[in-house]
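Okay, so here's the structure we're looking at.
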Amino acid sequence: MIRSTVAKVDLGALQANFRAIRAFLAAERGPSGQPPQVMAVVKANAYGHGAEPVARALEAAGATMLACADIEEAVVLRRAGVAVPILVFGALSVSDLDGLFEFDLTPTISTPSAARAVEGAAARRGVRLGYHLKIDTGMNRLGFRHDNLRRTVPELLSSPHLHLDAVYTHFASADDLERTLFAEQRVRFESALATVRSLGGSPALVHAANSAATLRDSRVWYDAVRPGLMLYGIVPPPLAATIPLQPVLSLTSRVVAVKGVRPDEGVGYNWRFTASAPATIAVVPAGYADGLDTRLSGRGSVLIRGRRVPIVGAVSMDMLTVDVTGMDVEPGDEVVILGRQGDERWQQIDAREVAAEIGTIPWEVVCRIGTRIERQYT
Ligand SMILES: *Cc1c(COP(=O)(O)O)cnc(C)c1O
């Protein structure tokens, strides 16, 4: 049995995006310099695309390192057979570090207390664990502050059971062309790197760039870049990319009912839409429980029979309604919520467009696609 609303995930497109990003890095860096590695970011169930198949496809395409948000996510990947190094970005719960050792994961150490906890856990096991040191250069979230490293990192660097594999930072506003913080963070990071090195740290790897930073400034590529969104074929707004990226996920459904509405009758909860003339409404079995934001009510559109039709009335938990007046629409007709239905530009709806319509970011649009929706892999 399968529901009408499904997310099709094109693993070939994912792999093509990965290769296109690698080719872009190699071309820009030129024949003289080694291009940076691509650390593929697969946190949050691979941005809603499904962590296990996505991670395996990226590994098959040549990804040499993956990254996810926490130990639990990383364990899922190991259990799925992923063999390449996996970096855990997030703060470590100081109480449960077993997974790091059992599943051969690479932690980020971003606070002195986490440093002590991981050192203690490694010492108890009699092993030496490689880690990535995170520097806070202006995000003011996780990471050792860039401006007092001389006080905070020597203890970590001298931990006998820990090994500094990499140093990294994260940009707060790589997608904001107006703000100068991006450039300031780069300068702070470089001075922090110099400090770490002067204290005896010699990381084999330095990395900083998410998708937006990768697109914006090759000076922040260092030894590896960390794209997430771009891998899934979505360019972080408002940036543009010359990399040929294709959307990986499409979300489709089928019309379950078609209904005539008379003038002055409304549709759905609170009659958020009222017909001024005889109207035809198609009912689509996908709602906010599937991650379709209620703000799409009266705002977004879907594709049916190659045409854009407006979402009218409230998006409810399990259904939405679209205005197909004047069209010959029948139950069973395909509905494209994200993806394409034809070759014209207007026959494509992407996560960027949906995000702009409802005042959010494309990361949220894909991450919120619900667990009720089956992912089909091709
Ligand atoms: C999520 C994340 C990324 C990837 O960000 P995108 O904007 O999706 O490319 C990179 N680095 C860190 C630390 C992250 O948390």
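In listed order, ligands and their atoms are each counted from 1. In this chain, residues are counted from 1 in sequence order.
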Which protein non-hydrogen atom lies closest to [atom], naming both residue and atom, and how far is it?
atom	result
atom 12 (C) of ligand 1	His170 CE1, 3.3 Å
atom 8 (O) of ligand 1	Tyr47 OH, 2.5 Å
atom 9 (O) of ligand 1	Ser211 OG, 2.5 Å

Nearest non-hydrogen partners of Gln347 and Gly306, listed with the distance: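 Looking at all heavy atoms of both residues, the shortest contact is NE2-O, 3.1 Å.
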Closest heavy-atom pair and its distance - Ile361, Ala355: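 Closest approach of Ile361 to Ala355, heavy atoms only: C-CB, 3.5 Å.
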Element-labelled atoms of ligand 1 that are located less than 4.0 Å from some non-hydrogen atom of [X]:
X	answer
Lys43	1 (C), 2 (C), 3 (C), 14 (C), 15 (O)
Arg226	3 (C), 4 (C), 9 (O), 10 (C), 11 (N), 12 (C), 13 (C)
Leu229	6 (P), 8 (O), 9 (O)
Pro227	9 (O)

Contact check: Ala212 vs ligand 1, nitrogen or oxygen atoms, below 3.5 angstrom: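 Between Ala212 and ligand 1, no N or O pair is found under 3.5 Å apart.
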Geometric cation-pi criterion Arg125 and Phe101, 6.0 Å radius, 45° cone: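 Yes.
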Salt bridge present between Asp147 and Arg145 (N-O < 4.0 angstrom):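 Yes.
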Ion pair check, Asp136 and Arg188, cut-off under 4.0 Å: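 Judged by the 4.0 Å cut-off on N to carboxylate O distance, Asp136 and Arg188 do not form a salt bridge.
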Given Thr108, Val167, Thr169, Leu162, the one that forms side-chain contact (heavy atoms from CB on, under 4.5 Å) with Leu133: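 Among Thr108, Val167, Thr169, Leu162, the one that satisfies the side-chain contact (heavy atoms from CB on, under 4.5 Å) with Leu133 is Val167.
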Mutual orientation of the aromatic rings belonging to Tyr168 and His132 [parallel < 30°, tilted 30-60°, perpendicular > 60°]: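 Geometry flag for His132 against Tyr168: perpendicular rings.
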Proximal candidate to atom 7 (O) of ligand 1 [heavy atom criterion; set Trp363, Phe171, Tyr168, Phe89]: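 Ranked by closest heavy atom to atom 7 (O) of ligand 1, first place is Trp363.
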